[in-house]
Every structure is written in C-alpha cells, then in structure tokens.
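Letters A, B, ... mirror the listed sequences (proteins, then strands); counts begin at 1.
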There are 2 protein chains.
Amino acid sequence: MKKTTIHDIARELNVTFSTVARALNDHPAISVATKAAVLETAKRLNYQQNKLASSLRSGRTNVIGIIVPSLDTSFFSSVVHGIEKVMNENGYSVLLYQTGESLTREQKGIETFLQSRVDGVLSSVSSETDGHEMYAQLRKRQVPLLFFDRAIQELPVPSVTINDYQGGFSATEHLIGQGFRRIAHITSDQNLTIFNERLRGYREALLKHGLPFQEDLVFRGRVSLELGKTSVQQLLAQGHSFDAVFAAEDYTAMGALQQLLENGIRVPKEVGVVGFANEAFGAFVTPSLSTVDQQTVKMGEETARLFLKLFGSKDYYGTNPEHIVLDPILIPRNSSQPVS
Amino acid sequence: MKKTTIHDIARELNVTFSTVARALNDHPAISVATKAAVLETAKRLNYQQNKLASSLRSGRTNVIGIIVPSLDTSFFSSVVHGIEKVMNENGYSVLLYQTGESLTREQKGIETFLQSRVDGVLSSVSSETDGHEMYAQLRKRQVPLLFFDRAIQELPVPSVTINDYQGGFSATEHLIGQGFRRIAHITSDQNLTIFNERLRGYREALLKHGLPFQEDLVFRGRVSLELGKTSVQQLLAQGHSFDAVFAAEDYTAMGALQQLLENGIRVPKEVGVVGFANEAFGAFVTPSLSTVDQQTVKMGEETARLFLKLFGSKDYYGTNPEHIVLDPILIPRNSSQPVS
DNA sequence: ATGAAAGCGCTAACAC
DNA sequence: GTGTTAGCGCTTTCAT
C-alpha cells in the first residue's frame, strides 16, 4: 500500500496541495467546505501526516529525549512514567535512552538526540564531575536542556531535584527524636550530589542535637543489599557502639536490617533503621521499614511541566535557570519507632 | 550557532555535497584522502547529521516505537529496559508510549508512530478483545509489529510471551507437592490471556493430581493488595475450608498473606501462599513469598532480538509469525514450604 | 572517484 | 480563499 500524501488528496479534489496542507493544519484562511472535503478524503485515503517532512521543514519535531541511567530501577522508571505522561498530554513524543551509568553512552545518547533534532533533552546525569562538554554542545545549539534528580551543579541549567539534604536531615532527626543517639550512616561511594547531600543532612541533624559526627560511623560502597549487610557486620565486628542505622538507599537499609536480625539484634528495640527511596518492599517487611519518599512521579511531572513552561518563553538560555526542589517525605514505620 | 550541513563542509573543501555525503556514509567509491578531509572538517565544524532529512529521503528512521500500559510497574519498566538496551546496541532509537490501559490512547500511540514513520512497533496491548483494526493498519502499511507479554491471539503477529499456563501449573503443583489440598486462586477480572492461562494451569494441576476444581475457591477483581485481603476475608467469612492461596499476582498474594497473618493464621504451617511476578519485596517479607519469575529483562531482550531478526528478512508479514514462549521460573520460598 | 540533478513530503512566504 | 514557489538536508541514480 503506497503511502498517501497531501498531493494524493489534492489530486482527488482538484485543488493544490497547499490548500490541502492548510486544511489539514486548520489554517484560518480556508473555506469550511474545502476543509471538510479535505478531511473526508484524508480519512478515506487513510492519510497519515509525515512528521519527518513536516519537522524537517518547520524545524520542530515535538519530540523530547530522556536520558536516564537505567529503567531497571523503580526510581527512574517511575520518573520517566511521570514525564512521558505529561509530555504526551501536551503533544510530545518521548525518545528514551539508558546510559547504564556510562559516560560514553551518555555522550552517544546526546549525539543521537542532536541528530534526531529533538526539541529538548531531559537528563539525569551519570556523572556530575564529567560530561560538561557534551551538555555545553546542547546549549551551543540552543537545544533546551533540563536536569532531573541528578544535575551538574556547575552548569546553569534548569533542574528538578529533591531536597536530599532535608531528606537526610529529617530521617536522622526522626531517629534522634525516637531516642537513638549513636546513628551510623551507610552511603554511596559514587560521589553524587544526592548522596553527599543526604550525608550532609545526617551530619547537620546530629550537630543540631548536640551529637558528635564520627567518620567511623559512616560506611561507603556501591549501595545494595550487600553493602547494608557488610556494613553492619563491620559495625559489629569492630565493636562500634551504635544504636541506629540511616542508610541512604532502601536496599542498603534492608541489608542492614536483615543482618541485624540475623545477629539476634532486635529492631527497632535495640537498633533503629531508616532507609531512603520508599521502595515497595519497605511497607511489607517485618518490621516495616521507615524511609524517605522521593515523590518520583511528581518529579517526572514537574520536570515535564517546567520544560513546557520554559520552552514557551522566548529565550531558553537567556534567563536565570529555574530550579525546582521537591520536598522529600519522611515515612516513619516500625523499624525506627521502638515506642509507638 | 547556525547548524552545519554537508553543503558547509563541501564549500570548505571545494567538493560537491554529494562527495561529502559519500564520505560520511563511507561509500566504497571514495578516495582515502577526501574521506579523511571530510571527516576532519565535519568534526571541526561540529557537524551532526540531520536524521530527519536522511530518514525522509531513505525511508528508514532507525526508530522503533514501544507501547506499554504503564512504566510505573516493575514488570513493564524492566521489559522496556531490556528492549531499549538491545535496540540501542543495534543502532536503533526507542520512542515510548504509555497507554494507561486505555484503548483510545493506544490508538493515538499507534497513529503517532505511523506519522513518525517508525521502523517497527513493539506492543503490549491494553485489550486483547479490541483494537484489532489499528494493528491491522500497521500491517497494511507494512510496518513490522511484534507483541510482547500481551498479544492479540487472533492476529498473525510474531510475539514474545511467557508460558503463563505453565507458571500457574507449576505454582499449583508445587503447593500440592507441599501437601496442600484445598487451594484457592485469586485472579484478575480483566479477561486477559495471561490471567486466563494462569487459571488454566491452576485448574489442570489440580485435576492432574485428582483434586477437584471448585469455582467457589476462585476470586476475581482488580489485582492488588486490597483484592488479596478481601478475598481471604471472604474465604474466611464464608467458612470455606482452604489450606493454600495461589494468587496470580504478587501484590495480591501479599494482601492475602497479610490478611492471613492478621487473622492469626500461620503461614505456611496452616496455609500456604504463592504469588506471581517475583516483585522485589517477595524476598524480604516474612515469611518470604514464593512466586513465579517472569524473566522480564530477558523478555525485553528477546523481543528486541526477534524484531531485529525478522526485520532483516525480506518479507516481514509474508511468513508464518514466529512465537517465542519463555519459561517462567518457580521461586519457592518460605510462604509455601511448611516442611523444609 | 566525483559531479549533477531529482526528489522524499511537507511548511510558509508571497502572489492573486 | 487558493495557487505558486522555494526550500528544509539529505540519499540515490545516472553521468562523466
């Protein structure tokens, strides 16, 4: 089946193809009659506009590109869910690119997006310390860019993030409020702002309440169930006195929780545990895991909305970049509340 | 910054743009010298090929469209993860469309993909009983189509699914093997093949082992934690004698598990529970939840690979459609094993 | 090995 | 209100 073009419709109706084009794009200067006729014929001939041609000519694709480390995590898939939903409602299509935390692939993704002439790029970066140049490319070419969750701070680019500092702070303060005094922290060695900020929140909460910040209570590694377990093992083996664990990520918290229970330590009676991310399993485990919700879907929606708003304004890169910071929500559950 | 085109490069080197085009696509008939020069100049001028133009001309976009109900579920996001990974490795970009289980939006998604001239569509349908026509459109236009997980059986379209029948069968047989005899089943009222097949597997396993299939032990609704709870409540309230629950979905199984425990019923000692989907939480709850793994990432990868393979062959719709059926994997955990 | 020319299907500026 | 015209930036065929 040969594809129908506006020329086919035009021939059928004895008008020129530009009349057809106008009818299809409901241009103001078009008679009701021809418009109706064109629409009817278009439907009859099964016409589908060729967006390649229209984008090539008009310079707009109505496509945005999303860059994420991986969809195989509930966090990013849920953010992408939110982005796609809102963008789609506003007539945009979404190109997806996973980097697997690789800078090379991130590079390639941006290049592809550039070649596809996307109207914008929404990215959660793999590394904040590198990759400035490729993002500068986007700016040079005037392609709107927005960071979500993970931003390169040095770049003046709009962003939607959550207040990880506050998340770390309120998680820690919550533990303190529950009577815990010697709180260990398990975090990532990835040197991403999100983790550094959670750590900073942890530290500040301690200091605010007159508790010492001790480096030897901070454990780092690739956040995972495993890291949670080994950290607790070390804590125990090295005879550290501690009465709570705040892990910067839920799987890690889960590992800590499991290891504590395995060692016959009662949670939250003897040791309190708080995680971060509000993974689905937290509500179901015993004791249920206290955590910090990151409002993932909302982050996606806000990202899309901010993009749409800024894209509408004349000069995307002209004005001071807007930063939306979402408030994380502490979800106190049983693992951190010995009393209630 | 004005975008660089092959004409700019040509001008710079005093050759025609077609020479440049050839160099860029490394055409065989091109001198090593000019090719090097072109490549150097392209890099220097920051040239990025315009895929819109090239696709418009060549008729290939190297873009495929994916249609899923929602990314906000671990199942589909994980499948999409697998698809994108493989497609990307093979030089394709991925357009994403979420339907939210709405037929209208599915319709719109396909239309968008048609207009974007994607090289193929990979879809997990929202409804198997409707939407034949829009998928027929794709065929008419010779756009390769592949179903994954949820297929429309009546349509002769290649697909990658899992053997839900076997999943239901082995889950049920496992419970029987553990000594359970009166096994209730909780499933969806959505009338999707995947659920019907799990039910069929449940039924056949019962019959194979000389146990009666009883309609009043089958509960239907929107699969969810809630459904699991209410089903168990009904089971209990109506005084049904039962000693196990096989839920066609993990959250539902979790609800059942919670309700059982709330009623002081010991799991798996008194009642065994098996779910379906291998959600992350299953490994962490107490007792850990037996379930059936669906090999989500593998499904994505297989989907992509099958597409690539078929796309290579001359006549996509000519031959008999190939169906890949993955084997689900029973994951026995504590909730179903009173003995071990 | 390179050049010339046509055209993919559309948008948009300019006529009438 | 409709027609005419000129591209958007590339691929591809046919010459040379």
Distance-only check: which donor-acceptor pairs under 3.5 Å involve side-chain atoms of residues 296-304 of chain A, not counting sequence neighbours?
| unit_1 | atom_1 | unit_2 | atom_2 | d |
| --- | --- | --- | --- | --- |
| A:T296 | OG1 | A:S78 | OG | 2.6 |
| A:E301 | OE2 | A:K85 | NZ | 3.0 |
| A:T303 | OG1 | A:M299 | O | 2.6 |

Testing D:dC10, C:dC10, D:dT2 for proximity to the side chain of A:A29, the answer is D:dT2
Kindly give the heavy-atom pair with the smallest separation between A:I83 and A:L122, and that separation in Å. CG2-CD1, 3.6 Å
Nearest nucleotide by nearest heavy atom, which residue falls closer to the 5' end of DNA chain C, B:N14 or B:A53? B:N14
With side chains defined as the heavy atoms from C-beta onward, is the minimum distance between A:L308 and A:V86 less than 4.5 Å? yes
Taking N or O atoms only and anything under 3.5 Å, show me the protein contacts with nucleotides 14-16 of chain D, one pair per line.
none

Quick one: is B:S31 getting a side-chain N or O under 4.0 Å of the C:dT2 phosphate, OP1 or OP2? yes
Axis bend over the full length of the helix from C:dA1-D:dT16 to C:dC16-D:dG1, computed from five pairs that close each end, to 10 degrees: 30°
Contacts of B:F76 that satisfy ring pair (Phe, Tyr, Trp, His ring centres under 6.0 Å) - sequence neighbours left out: none
Quick one: is C:dG3 close enough that its OP1 or OP2 comes under 4.0 Å of any side-chain N or O from B:T16? yes
Between B:F311 and B:I64, is there a side-chain heavy-atom distance shorter than 4.5 Å? no
In terms of relative ring orientation, are B:Y316 and B:F307 parallel, tilted or perpendicular, with 30° and 60° separating the classes? tilted
Would you check if A:R139 and A:P156 make a side-chain contact, meaning some heavy-atom pair closer than 4.5 Å? yes
Where do N or O atoms of nucleotides 5-7 of chain C meet protein N or O atoms at under 3.5 Å, pair by pair?
| unit_1 | atom_1 | unit_2 | atom_2 | d |
| --- | --- | --- | --- | --- |
| C:dG7 | N2 | B:R57 | NH1 | 3.3 |

Looking across every strand, which nucleic acid part, if any, lies under 4.0 Å from A:T34 by heavy atom: base, sugar-phosphate, or nothing? sugar-phosphate
Scan for salt bridge (charged side-chain N to carboxylate O under 4.0 Å, His left out) pairs involving residues 58-79 of chain B, sequence neighbours excluded, and state none if there are none. B:R60-B:D119
Any side-chain heavy-atom pair from A:L310 and A:E322 closer than 4.5 angstrom? yes
What nucleotide, of D:dT11, D:dG3, D:dG9, holds the atom closest to the side chain of B:Q49? D:dT11
Considering every strand and a 4.0 Å limit on heavy-atom distances, what is the contact class for A:I30: base, sugar-phosphate, or nothing? sugar-phosphate
